[in-house]
Amino acid sequence: MNIDFIKDQFPDLAKDQKLIEEIAQVATIKSYNKGEVIIDYGDYIKYVPMVISGLLKIIREGENDNEILLYFLGSGESCAASFSCCMIKKRSEIKAVCEEKSKILMIPISYADQWMGKYSNWRDFVINMYDARLLSLIDTIDRVSFAKLDEKLLYYLDEMVSHKSDQVLNISHHEIALDLNASRESISRLLKKLEAAGKISLSRNEITIIDL
DNA sequence: ACATTAAGTGATT
DNA sequence: AATCACTTAATGT
C-alpha cells in the first residue's frame with residue numbers, strides 16, 4: 001500500500017518508520033461518499049478509523065428524531081473513543097456519518113492495542129486524540145447549552161469549512177437545521193442575514209463562505 | 001410539462 | 001425561535 005499520505009496527515013506517526021511500515025501492512029483504506037454511515041448504533045467496532053481526507057460527523061441520536069452533533073472529524077484526526085469502545089467489546093453509542101467524500105484508514109483493533117506498548121508514537125497519538133476529542137466535547141456542551149442559534153450557526157459553518165480545502169459547502173438548510181436542532185426556517189433566515197452582511201453567498205444546496 | 005424538493009416570507013404564538 | 005401556511009425557484013423525470 002502506498003502510505004506516503006501518512007507523512008502529510010499524521011506527521012507525528014511518520015517519525016517512526018517501523019510503525020509506518022506496520023500500518024502499511026495491516027491497515028486498509030476505505031472510501032465513503034456523503035451520507036454514508038460508517039459506524040451505526042449498536043455496531044461492534046473492529047477498526048480504529050483515521051481520517052485521511054474528507055469529513056466525518058459524529059452524532060448521538062435521541063429516541064425521537066432529534067440528534068446532537070458531537071463533533072467533526074477531519075483529515076489527520078481519529079476517533080479515540082472507538083478505540084476504547086472496542087477494547088471492552090461494547091457496542092457503539094454513537095453514529096459516524098460521512099459528511100463529504102472521505103478516505104478512512106482502518107486499523108484493526110488488535111494491532112491498535114498491541115502498538116500501544118510497542119510504539120511510543122502511537123501511544124502518544126492515541127492519547128492526544130483522546131484529549132482532542134474531550135476538548136471538542138466540552139466545546140460542544142458549551143455550544144448546545146449556552147450559545148444562541150446564530151452563534152451556533154456561525155460555529156457550525158466555521159467548523160465545517162475549516163476542515164475543507166475550498167470554501168464551498170454542499171449542504172441544505174434542512175440538514176443544518178437537523179444538526180443544530182433548529183427549524184429550517186430559522187436557519188434560512190439567519191443564513192440570509194449572513195449573506196446580506198457579505199459573509200457568505202447562497203444558492204441551492206450550496207453555501208460559499210466568504211468571510212466569517 | 002409536471003412533480004418534487006429547496007428555499008424565502010409573513011403571520012401567529 | 002417554532003410552527004404554519006403559502007409562494008417561488010431549482011432540479012429531476
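Throughout, protein chains are lettered first and strands after them, A, B, ... in sequence-line order, and every chain is numbered starting at 1. What you see is a predicted model, and the numbers here were worked out from it, not measured in a lab.
Atoms CG (A/Asn181) and P (C/dT3) sit 11 Å apart, rounded to a whole Å. The interatomic distance linking A/His174 (NE2) with C/dA9 (C1') rounds to 18 Å, in whole Å. Atom pair A/Ile176:CD1 and B/dA6:C1' shows a separation of 12 Å (rounding to whole Å applied). Going from atom CG of A/Leu180 over to atom P of C/dA1 covers 11 Å, rounded to whole Å. The distance from atom CD1 of A/Ile187 to atom C1' of B/dT9 is 16 Å, rounded to the nearest whole Å.
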Could you list all N or O pairs between the protein and nucleotides 4-8 of chain C that sit under 3.5 Å apart?
{"residue": "C/dC4", "atom": "N4", "partner": "A/Glu185", "partner atom": "OE2", "Å": "2.9"}

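Residues that satisfy the side-chain hydrogen bond (donor to acceptor under 3.5 Å, both in side chains) test with A/Tyr156, not counting sequence neighbours, are A/Asp179. With sequence neighbours excluded, the residues forming a side-chain hydrogen bond (donor to acceptor under 3.5 Å, both in side chains) with A/Tyr155 are A/Asp139, listed by chain and number.
Remark: A/Asp16 does not engage A/Lys18 in a salt bridge, criterion side-chain N to carboxylate O under 4.0 Å.
Residue pairs that meet the salt bridge (charged side-chain N to carboxylate O under 4.0 Å, His left out) test with at least one member in residues 182-196 of chain A, sequence neighbours left out, do not exist here. Among pairs with a residue in residues 111-132 of chain A, those fulfilling salt bridge (charged side-chain N to carboxylate O under 4.0 Å, His left out) read A/Glu22-A/Lys118, at least two apart in sequence or across chains.
Between A/Trp115 and A/Tyr111, the angle of the ring planes lies from 30° to 60°, which puts this pair in the tilted group.
Put simply, A/His173 has a side-chain N or O that comes within less than 4.0 Å of OP1 or OP2 on B/dG8.
Listed by residue number, A/Lys192, A/Arg204, A/Asn205 are the residues of residues 191-210 of chain A with a heavy-atom contact under 4.0 Å to DNA chain B.
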